[in-house]
Amino acid sequence: MAKARLTFADIGVSVTVPAGTRIIEVSEKVGSGIAYGCRESDCGTCLTTVESGMEHLSEKSPYEIATLAGHNVPANVRLACQTLVLGDAVIRPYGG
Amino acid sequence: MSVAAAVTERIHWIGALDPGMRTFDVILKTPSGTTYNSYCVRGSEGVAIIDTVKLECADQFFARLQQFADYGEIRAIVLNHLEPDHSGCLPELLRRAPQAKLYVSESAQLMLKALVKQDGLAFVPVTTGDSVSLGDRTLRFLHTPYLHWPDTQCTYVPEERVLFSGDVFGCHFCDRRMFNDAVGDFRFAFEYYFHHIMRPFKRHVLDALALIEPLDLAAIAPSHGPILRDRPRDYVARYRELATPRLKRETDNGDRTLIVFYISSYGNTRRMAEAICDGAAEVPGLRLSLYDLEGSPVEPLVDLVEEADAILIGSPTINGDAVKPVWDLLSSFAGIHVKGKVAGAFGSFGWSGEAVRMIEDRLRGLKMRVPVAGVKVKLIPAREEILACRDFGRQVGEFLIGRQVTREIDFSELVSAA
């Protein structure tokens with residue numbers, strides 16, 4: 001199975017995950033500071049800055065695009081509850 | 001008996017009084033009852049209704065609305081906040097004024113669909129900078145999320161210098177004289193409301209104040225409690241004071257703050273706590289505090305946690321669990337902002353030592369960061385175990401000042417640990 005390396009820059013932890021793993025599945029278990037609210041692309045609590053590897057993440061759904069637009073965030077910000085890791089990436093909580 | 005209704009010549013209160021309410025949303029005591037404030041704004045080309053009221057108070061709301069407007073005149077309905085005590089009468093209002101356009105914040109869209117289960121519900125999402133013209137009066141929107149739901153916004157009418165602030169600057173206080181210079185002493189209700197509703201969202205309060213403070217304000221019209229027309233800026237200033245961290249205001253030398261809490265039955269977890277503090281003390285730029293949970297009521301400790309950068313919690317394991325004072329502390333964090341703070345756990349145990357893992361799970365559940373795995377010691381800590389505690393304290397301290405230790409792990413380790 002394809003693997004990807006997801007690095008949580010806020011706590012200095014890199015996790016090797018099966019490609020296709022959702023960020024939320026890893027970040028909560030590892031103790032990263034990414035916080036969650038609704039977990040369904042609505043509230044924007046889990047805004048996450050992608051420091052590198054944006055091209056290795058799943059495409060945004062229309063719901064995610066709408067929520068990101070509502071929060072007026074830069075282009076390198078994703079919702080951790082929606083985003084699948086397909087290759088190596090480095091992330092941290094937005095604003096953290 | 002009538003209710004004072006005129007905020008200005010063009011703006012009238014059309015809300016509802018609920019003097020018998022004693023508990024609100026399960027968590028709030030309301031010894032003075034409450035009001036659900038709704039407002040009617042008249043422009044030369046139509047009327048806007050700002051918020052509605054709880055469904056149970058529909059009769060009051062529609063009766064008052066009809067005193068100031070015909071349903072056919074209603075051009076805009078604004079919901080600053082979708083909680084049912086403000087959105088309860090929306091479906092009926094839309095039925096009576098089908099031509100009216102509904103305006104909600106960008107963040108309210110999915111929530112609106114979940115609350116008003118109505119096919120084909122039309123609405124316009126708005127954010128800061130958007131406005132709606134009522135002819136000679138304008139509704140200007142301010143995006144002020146998380147006060148206290150993700151959807152919350154404020155609406156400003158510049159020609160009247162009135163801010164409809166939603167739950168911000170509100171309180172549960174029922175007095176039909178309605179205006180802050182006419183009602184009884186509601187200071188307690190105002191402060192209590194902030195502490196129980198806005199306190200976890202202080203950073204968002206400061207963001208909202210940055211939008212609100214530049215406004216020219218004749219009155220603030222919140223969605224609960226008195227309308228603030230006498231010195232409205234005082235309430236804005238009080239919000240800034242309440243939302244600004246105190247410790248940093250009083251002694252900000254740039255130090256990061258770490259608090260070590262522990263409780264100990266035989267002194268073993270206490271010895272661990274002391275060793276952890278010794279280790280952390282080797283790291284420069286830390287303000288360290290050590291507290292025995294046996295020696296304090298919970299509330300002052302919660303105040304400390306609110307402004308701390310990191311907390312560590314030590315508990316023995318008794319009957320397979322952390323002890324009650326630890327859970328009392330951990331269950332009290334819902335009222336403050338702890339997301340993203342650094343945290344960790346430690347403790348001595350006799351048999352199985354579940355407490356450390358259970359505390360860590362709770363800390364992660366609270367969305368705190370747990371960068372260093374906790375330390376467990378069987379009964380009395382030996383010399384090398386004391387050294388492990390010192391290492392733990394030092395590692396957390398170094399993490400706090402940005403001297404990050406990087407770790408590489410496999411996903412399977414996380415799954416098996418869960």
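Proteins get letters first, then strands, A, B, ... in listed order; numbering begins at 1 in each. Worth saying up front: this structure is predicted, and the values here are computed from it rather than measured.
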Asker: If you define the side chain from C-beta out and look only at heavy atoms, does anything of A:Val15 sit under 4.5 Å from B:Asp410?
Answerer: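 SC-SC contact between A:Val15 and B:Asp410 ruled out.
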Asker: Rounded to the nearest 0.5 Å, what separation is found between the OH atom of A:Tyr36 and the NZ atom of B:Lys339?
Answerer: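 It is 12.0 Å, given to the nearest 0.5 Å.
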Asker: Sort A:Ser32 into side chain, backbone, both or neither according to what part of it lies under 4.5 angstrom from a heavy atom of chain B.
Answerer: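 Contact with chain B is through the backbone of A:Ser32 alone.
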Asker: Strictly distance-based, threshold 3.5 Å: is any side-chain N or O of B:Arg369 a donor or acceptor partner for the main-chain N or O of A:Asp10?
Answerer: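 Yes, the answer is positive, given that a donor and an acceptor are paired below the 3.5 Å cut-off.
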Asker: May I ask you to decide if the ring planes of A:His71 and B:His143 are parallel, tilted or perpendicular, using 30° and 60° as cut-offs?
Answerer: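 Ring orientation of A:His71 relative to B:His143: perpendicular.
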Asker: Which pair of non-hydrogen atoms, one from A:Asp42 and one from B:Ser107, has the smallest distance, and what is that distance?
Answerer: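 Closest pair (atom of A:Asp42, atom of B:Ser107, distance): OD1-O, 4.0 Å.
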Asker: Quick check on B:Lys202: does its NZ atom have over 12 non-hydrogen neighbours (other residues, nucleotides or ligands) under 6.0 Å away?
Answerer: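 Atom NZ in B:Lys202 is crowded, with more than 12 foreign heavy atoms closer than 6.0 Å.
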Asker: Using heavy-atom distances under 4.5 Å, tell me whether A:Ser27 contacts chain B through its side chain, its backbone, both, or neither.
Answerer: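 When you check distances to chain B, no heavy atom of A:Ser27 falls under 4.5 Å.
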Asker: Pick from A:Lys3, A:Arg5, A:Glu28: which one has the most heavy-atom pairs with chain B under 4.5 Å?
Answerer: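 Heavy-atom pair counts peak at A:Arg5.
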Asker: Given 3.5 Å as the limit, does a donor-acceptor pair link the side chain of B:Lys367 with the main chain of A:Gly33, or not?
Answerer: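 A pair under 3.5 Å: no.
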Asker: Contact between B:Ile409 and A:Val13 at the side-chain level, heavy atoms closer than 4.5 Å - yes or no?
Answerer: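 SC-SC contact between B:Ile409 and A:Val13 confirmed.
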Asker: Quick check on side-chain contact (heavy atoms from CB on, under 4.5 Å): which of A:Val30, A:Val26, A:Leu6 does B:Phe411 satisfy it with?
Answerer: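 With B:Phe411 as partner, A:Val30, A:Val26, A:Leu6 yield a single side-chain contact (heavy atoms from CB on, under 4.5 Å), made by A:Val26.
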Asker: Minimum heavy-atom separation for A:Lys29 to B:Arg364, with atom names?
Answerer: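 Shortest heavy-atom separation between A:Lys29 and B:Arg364 comes out as O-CD, 3.6 Å.
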Asker: Using 0.5 Å steps for rounding, measure from the CD atom of B:Glu106 to the CG atom of A:Leu68.
Answerer: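 Here the interatomic distance stands at 11.5 Å.
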Asker: Name the member of A:Gly12, A:Ala66, A:Gly70 that forms the most heavy-atom pairs with chain B at distances under 4.5 Å.
Answerer: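 It is A:Gly12.
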Asker: What part of A:Ala4 is in contact with chain B, defined as an atom under 4.5 angstrom from a non-hydrogen atom: side chain, backbone, both or neither?
Answerer: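 Interface part for A:Ala4: neither.
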Asker: Starting at SG of A:Cys43, measure out to OH of B:Tyr146 and round the result to the nearest 0.5 Å.
Answerer: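 These two atoms lie 5.0 Å from each other.
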Asker: Working to the nearest 0.5 angstrom, can you tell me the gap between A:Thr67 OG1 and B:Gln109 CD?
Answerer: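 Nearest 0.5 Å value for the OG1-CD distance: 8.0 Å.
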Asker: Would you say that more than 12 heavy atoms from the other residues, nucleotides or ligands in this model lie under 6.0 Å from the CZ of B:Arg140, or not?
Answerer: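 12 or below, so no.
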Asker: Determine whether more than 12 heavy atoms belonging to other residues, nucleotides or ligands lie under 6.0 Å from atom CD of A:Glu59.
Answerer: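 No, CD of A:Glu59 has 12 or fewer neighbouring heavy atoms, counting only those of other groups under 6.0 Å.
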